[in-house]
Structures are given as C-alpha cells and as structure tokens.
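Below you'll find the structure, written out as structure tokens, and then a few comments.
Given the structure is predicted, the values throughout are model-derived calculations rather than measurements. Every chain is numbered from 1, with letters handed out A, B, ... down the list of sequences.
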Protein chains: 2
Amino acid sequence: MSLRNALLAMLTSQPMTGYDVYKNFQTSVGYVWHAPDSQIYPELRRMEQDGLIRGETVPWGKRGTKKRYSITEAGVESFRAWLNAPPEYQRERDPVRLRAAYLEWASPTASADFFRAHIAYHSARVEDWEDMIRTLRDHSNPTLAKRLEGKSEEEAERITAYKVFAYEGMIARAQTEIEWAEKGLELVERLERRG
Amino acid sequence: MSLRNALLAMLTSQPMTGYDVYKNFQTSVGYVWHAPDSQIYPELRRMEQDGLIRGETVPWGKRGTKKRYSITEAGVESFRAWLNAPPEYQRERDPVRLRAAYLEWASPTASADFFRAHIAYHSARVEDWEDMIRTLRDHSNPTLAKRLEGKSEEEAERITAYKVFAYEGMIARAQTEIEWAEKGLELVERLERRG
DNA sequence: ACCCTCTATCTATGGAGATAGGTAGTTGTT
DNA sequence: AACAACTACCTATCTCCATAGATAGAGGGT
C-alpha cells in the first residue's frame, strides 16, 4: 500500500498527470520510493475508482489530451490515516548480509570486489541525497516550491524540515553501510592473506 | 533469486528436509532472510528439477516418510557463482523514510509514536542479533557446529568470522536507525511544541 | 482411547513489482 | 518534409511474497 501513499503524497503538492508522477518518481521522490510507469498508471485508475483522486481530461496540443489527477478530501483523509497509523515492518530479507555470511565460499578477490561495490553504490546514493537536500534547503526543488505556496514562514520551515530529515536518514544509513564494508575489506585482508 | 541461494547456503551445512529448512528460517537464518513454508517447499522442488539439490525419501515413524535434500556438485557451483558475481541493488523503496518526509500531515502524537515504534522495533532486532552472535561465538549454534565438523581451527575461525561480521552489519544498521529516530523525536518536539 | 502439539507437506489466491514490449500525439531540429 | 526526442498512456507476462487455508502422521500425556 506504500505506492498508493507515495502517489497521494505527490498529489498533495499539486494536481498532476500520470506522466508527471512518473517523471517525479524517476528523479526527486524516486530516491526514496521508485515505481515504473506500468505500475503508476493502473494504480492511479484504481485510486480514482476508490474516490481518493479525481481525474479530468485536459487538452494537450491540437488533438491530444491528457488526464490530470487531483487529490480529493477522501484522499487526504486516507493519506492522513496512513501517517497516523502505527508503522508495519517487513520481515528481514537482506541479500547483502546473506552473501556476507557465506563469503568463505567466495574467492578473496570476489569478496573484496563485493565490499568495494557496496561502498561505490552507497557513496553514489549519498551524493544523490545530498544534492536532494540542497534543492530542498534553497527551495529550488519545484515540487517543494509548489507545496510551500501560500504557506507561512513557520509552516514552510516545518514542511521542509521533515523532508530534509528523511533524506538525512537515508544518508546516515548509507554511511553505516560504507563503514561496514570498509571493515569488511579489512576482514578479508586479515583472513585471506595467508591463503 | 536470493531465496534459492539462502536455501543452498543452508544445505551446504548438512542435508535437511523442507521442514528443517523452514524451522531454521524461523529462527537463526530467519534473522537475515525470512521465508514462509509455502515458498520453501515449491522452491525446493524446482531446485531438485534444476539439479541443484537431490531429494531422498526417508522413513519417519511407522508409516510416515519425509524428504531429505542434499546439495549436489551443481548446487555448490551455482552457490559459488552467486557469491563471486557482482551484487545487484534493488531500487530504493523505503516506507519509513516516505512517511517521515510527510509528517507535517500527521498529528504530533502520532509522529512521536512513529519514532518510538521505530526505536522499539530496531532495539528488539539488536537483541536478536546479539543473541545470534553469542551462539556463533561459543559454537552453541547447531547449524554452525555441523558446518565446522572436521574443519581445521583456522578454517573454523574464518567461517565463523564472516557470519559474525554479517550480523554485526545488521546491528550497525539498526543502531543507525535508532539514532535517527531519536533525532526524530527531538525534531517533533522542536517543531510541534508551539502548535 | 482421546487429545494436543509437533512434524511434514501441500494448494490456492492475490498483491506487488520487474521487465519488456506497444501506440499515438507533440515539439523542436535539421 | 523528415526526423528524433519527448510526452502520454497502455498491455502482457513472470517472479516473488503474503496470507490463509488444508491434510496427515508422530509423539506424548491423561
């Protein structure tokens, strides 16, 4: 049900077409929640049927049309209910740790490469999220800008603070992964040196 | 494909029935990779068809039978290939961070409860994993004990070290989550006090 | 003999998501 | 006029996983 709430979250900022949402999922929000268009369009249709959003056909060019969705009162209610409900946790399913636990079966080179790839991946994510925080802080983020229209200084600060804090959480997690993988390299070095 | 490799990982220790695997997935290995029996039994059948494991029907009581699976050479090969291949990363999909980013829509009480639940959940996981590390270190873990049979002191140390290191990674991640959620409580306190 | 719990396995349904296509109109460039 | 690139939306298939059942024998206690 998180996809549905990710979509509602976006539509609380402004009305959007499925394509707009898809584009946002590829860039900004996509760094927290990703979804392909083949999942977005059908879900939007279902949400309209459930009365959470309302779609209106608007012209596009001479002959073309597109459908722009707006969140309804029921949609806002549903989104609020999700945020106020206690969180649910998935069972643990961690492919990286699963592999790490059995590295005695891998070659020393592959083990080291594994940790180096882990560091590279999370370093790249840290940069993405730091960029994201920058656009949130200086309000150059268009979705946020739209969201803050007509809001008081205090409200704007509050809204921005939660978003920045969420991305800081992503960064903290990634940095922990990097530190762990660096220790992993040392461990491989120590255990496999004598081989 | 990680389920398949989690199953292979278990069967590198000793031959097991589907039920044995299921039990282990609920306790030891389940703290890294969880799977329900409705997923385990069919996957084992598919793996047998693919020649990765071999099943033999063994008697159980007077009339009953059960099927015990052993890993084959091809299975070991496939497991090794997985461990030596570069890791693949899923797209980001983080329901906790998604919620955190939109806490301006939640009530202050619900926001604080959300972070407290996050702390409680991860604290419980830390205890589970610390227990797990204890049973690995003192070799009271039966699956590990079986795995270390006939191994040299050095080999045993090496095998154990990777498993401990994997769980240390889980703990590090959980502790980062706890620290983040504690900062979240402070943030809620600061932002919502004046409401 | 009865009952409970554990062992051992199976099926069925549905949601979520990945992957890989397809169609059609628009806009801008050469 | 041709074209590429982008906007806008749709479909199909497949795997994974959750959830919720069902069946049947084993082992132990009352």
#### Entry: Under-4.0 Å salt bridge between B/Glu56 and B/Arg68
yes
### Query
What about the rings of B/Phe115 and A/Phe165, do their centers lie closer together than 6.0 Å?
yes
## Note on the structure
Footprint ends on DNA chain D, 5' to 3', for atoms under 4.0 angstrom from a heavy atom of chain A, come out as D/dT7 to D/dA18
### Task
Could you tell me whether the side chain of A/Ser78 and the main chain of A/Ala74 form a donor-acceptor pair under 3.5 Å?
no
### Message
Below 30° counts as parallel, above 60° as perpendicular, anything between as tilted: where do the rings of B/His118 and B/Trp180 land?
### Response
perpendicular
#### Entry: Any residue of residues 62-71 of chain B with a heavy atom less than 4.0 Å from an atom of DNA chain C
B/Lys66, B/Lys67
#### Entry: Parallel, tilted or perpendicular, as decided by the 30° and 60° cut-offs, for the rings of B/Tyr19 and B/Tyr22
tilted
#### Entry: N-O pairing of A/Arg158 and A/Glu155 below 4.0 Å
yes
### Task
Kindly say whether A/His34 contributes a backbone atom to a donor-acceptor pair with the side chain of B/Arg93 at under 3.5 angstrom?
yes
### Message
When the axes are fitted on five pairs at both termini, how much does the helix from C/dA1-D/dT30 to C/dT30-D/dA1 curve, in 10° steps?
### Response
0°
### Message
I'd like to know whether CD of A/Gln26 has more than 12 heavy-atom contacts from other residues, nucleotides or ligands below 6.0 angstrom.
### Response
yes
### Message
Categorize B/Arg4 for me: base, sugar-phosphate, or nothing, with a 4.0 angstrom heavy-atom threshold over every strand shown.
### Response
nothing
### Query
Is a salt bridge present between A/Glu177 and A/Arg97, judged by a nitrogen-to-oxygen distance below 4.0 Å?
yes
### Message
If the threshold is 4.0 Å, N to carboxylate O, is there a salt bridge linking B/Lys146 and B/Glu149?
### Response
yes
### Task
Please determine, by modelled atom types, if A/Asp20 and A/Thr17 share a side-chain donor-acceptor pair under 3.5 angstrom.
yes
### Message
Looking only at the side chains, is there a donor atom on one of B/Thr12 and B/Arg147 sitting less than 3.5 Å from an acceptor on the other?
### Response
yes
### Query
If you measure from the Lys or Arg side-chain nitrogens to the Asp or Glu carboxylate oxygens, is any gap between B/Glu168 and B/Arg173 under 4.0 Å?
no
### Message
I'd like to check B/Thr160 versus B/Leu148 (side-chain heavy atoms, cut-off strictly below 4.5 Å). Are they in contact?
### Response
yes
### Summary
Protein heavy-atom contacts under 4.0 Å, written 5' to 3' over nucleotides 14-24 of chain C as B (base), S (sugar-phosphate only) or - (none), form the string --SSSBB----
### Message
Could you work out, with side chain to side chain donor-acceptor pair (under 3.5 Å) as the rule, every residue matching A/Arg134, not counting sequence neighbours?
### Response
A/Asp131
### Message
Expected output is a numbered-order residue list: members of residues 12-19 of chain A with a heavy atom under 4.0 Å from any atom of DNA chain D. What is it?
### Response
A/Thr17, A/Gly18, A/Tyr19
